[in-house]
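This report concerns only the one structure given below.
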Protein chains: 2
Amino acid sequence: MSEPKDRPYHHGDLRRALIDTALAMLAVDQNWAFTLREVARRTGVSHAAPYKHFRDREVLLRELARIGFVRLEETMTEAMSPAMPSTRAQFVAAAQACIGFACQNPALYRLMFSSDADKTMDPQLHEAAMSTFGILLGLLDKGQRNGSFRPVAVSALAAASWAQVHGLAMLEINKQLLEEKVGSSPVPAALDVLLDGMCCTD
Amino acid sequence: MSEPKDRPYHHGDLRRALIDTALAMLAVDQNWAFTLREVARRTGVSHAAPYKHFRDREVLLRELARIGFVRLEETMTEAMSPAMPSTRAQFVAAAQACIGFACQNPALYRLMFSSDADKTMDPQLHEAAMSTFGILLGLLDKGQRNGSFRPVAVSALAAASWAQVHGLAMLEINKQLLEEKVGSSPVPAALDVLLDGMCCTD
DNA sequence: GTTACAAGTTTCTCCTGTAAACATGGAGGA
DNA sequence: TCCTCCATGTTTACAGGAGAAACTTGTAAC
């Protein structure tokens, strides 16, 4: 893991290396023990080096959150791309992709939606989050146009489906969805109930 | 805030005093800067004193979470008690009470549903959480009996409504429910969409 | 009364974030 | 070519937190 000699004094692209290390840590450390010093250590650099690239811890966190939104958007877009029999099926696929992303990157997902990553502090982060949200809006709009979803205010559908998916994701990654509470397959069950309210009667 | 002299060497009920101080801190500090030393300081004891009553920080956090569940249950029970025209209205009242509780105690609410407060570690915490969840189950069951809610598996309704309410609460306290995304009154709107899927057609 | 124990305090070690001062090496002008 | 600047490293320093260990103090039981 550590090459003692061959590293030149100047790293080359420490900024990117720090981000990569941090993302790798977030992917492994479910439990959110994230320290700048540990990131520096694993990157093989002194604990003060990161401050040349990030004003403070929060700035790095916000950058990680931004990348998280980009990746989530990619994940959801991929999940939606195959031919689907209905917009409803596409919605389910996107929702499950989002929840799957959260399960595979729990710490990153939590970070993305925590107030640690305050979006008012960082226009780029805000933009990334809005862009990801745009996928949902696009899907809802399409569903309304083709008669799949009820013609109520799209913002209401957006609020409901976002809350539902985010709620399921948060409960899942925090291990709250115990079988004794919500049965053995809560995610599809919950999505079905919600979609019954969103969809036009067949 | 601090009486320098009159405090006897032994506090009397330091355990309760620490819990009260911590709860007060959680109510004020939205942003979750919670340190044992600060709790000790504000309680007027040395920073090591809390360790006589809580093995470590986590044990105190779990106790706070437990109390949070008790209070949430009280809040929801109160909100549901007045005469309501329908089970649906009662559901909305309970849901809004839960979200209101989260908004008024954001740090506590976050703690309650974080994996910091690992329920597998503490039977009493688990029991308190289950008891609070029981309110939802009772309401759903009653609604199914009187024909308000659809006769699908109650665990599916539970999963959907819990995820919805928790999702709304989390998004709200993390200031993610921006008007540009979900309109001006996302909570009632989202609950309505969900309930359209849960309720029998009128 | 003496003594034992629960519940305080002090002191210590190791960790973190962050600031300041110092070092290095590559790029651009004399 | 050489000198100098400066971005990007390192070292050192400091404040504050978790928690362990050793010490102190009331009080309650014998």
Side-chain angles (χ1 to χ4, degrees), chain A residues 1-22 25-26 28-29 31-65 107 111 114-118 121-122, chain B residues 2-22 24-26 28-29 31-65 107 111 114-118 121-122:
Chain A
M1 210 70 174
S2 62
E3 294 90 272
K5 293 279 153 45
D6 59 356
R7 183 171 56 80
Y9 189 89
H10 288 100
H11 183 286
D13 197 355
L14 181 56
R15 182 188 160 87
R16 175 127 246 109
L18 289 168
I19 290 173
D20 289 346
T21 305
M25 286 172 64
L26 283 193
V28 174
D29 269 21
N31 279 353
W32 184 241
F34 179 91
T35 62
L36 253 192
R37 286 171 108 103
E38 184 66 17
V39 173
R41 218 172 284 139
R42 297 205 194 185
T43 312
V45 89
S46 78
H47 65 248
Y51 287 91
K52 299 296 173 182
H53 300 274
F54 305 96
R55 187 164 38 73
D56 60 21
R57 190 173 174 278
E58 305 260 310
V59 172
L60 173 54
L61 291 183
R62 280 197 286 269
E63 175 63 9
L64 296 175
L111 170 62
S114 77
S115 42
D116 269 355
D118 186 351
M121 290 284 130
D122 184 341
Chain B
S2 61
E3 295 88 272
K5 292 278 152 43
D6 59 358
R7 183 172 57 81
Y9 189 89
H10 288 100
H11 184 285
D13 198 356
L14 181 55
R15 181 188 160 88
R16 176 128 247 110
L18 289 168
I19 290 172
D20 289 345
T21 305
M25 285 171 64
L26 284 193
V28 175
D29 270 22
N31 279 352
W32 183 242
F34 179 92
T35 63
L36 254 192
R37 287 169 108 102
E38 183 66 18
V39 173
R41 213 172 286 137
R42 298 205 194 184
T43 311
V45 295
S46 77
H47 66 245
Y51 288 92
K52 299 293 176 190
H53 299 274
F54 304 95
R55 187 163 39 73
D56 61 18
R57 191 172 175 279
E58 306 259 309
V59 173
L60 173 54
L61 290 183
R62 280 196 285 269
E63 176 62 10
L64 296 175
L111 170 61
S114 77
S115 42
D116 269 355
D118 187 349
M121 291 284 130
D122 184 339

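Small disclaimer: the values here were computed from a predicted structure and weren't measured. Here is how names work: the chains are called A, B, and so on, in the same order as the sequence lines, proteins then strands, and each is numbered from 1.
Contacts of A/Arg16 classified as side chain to side chain donor-acceptor pair (under 3.5 Å), with partners at least two apart in sequence or in another chain: none. A search for side chain to side chain donor-acceptor pair (under 3.5 Å) contacts involving B/His53 returns nothing, not counting sequence neighbours. When the side chain to side chain donor-acceptor pair (under 3.5 Å) test is applied to A/Ser114, no partner is found at least two apart in sequence or on another chain. Applying the side chain to side chain donor-acceptor pair (under 3.5 Å) criterion to B/Glu38, with sequence neighbours excluded, gives B/Arg41, B/Arg42. B/Phe34 pairs by the ring-ring contact (aromatic ring centres under 6.0 Å, His included) definition with B/Trp32, not counting sequence neighbours.
One interatomic measurement links the two molecules: CZ of B/Phe54 to C1' of C/dA7, which rounds to 13 Å at whole-angstrom precision. At whole-Å resolution of the value, CG in B/Leu60 and P in D/dG17 are 15 Å apart. Protein atom NE2 of B/His53 is 14 Å distant from nucleotide atom C1' of C/dC5, rounded to whole Å.
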Heavy-atom contacts, protein to nucleotides 14-21 of chain C, under 4.0 Å, summarised as B (base), S (sugar-phosphate only) or - (none) per nt, yield --BBBB--
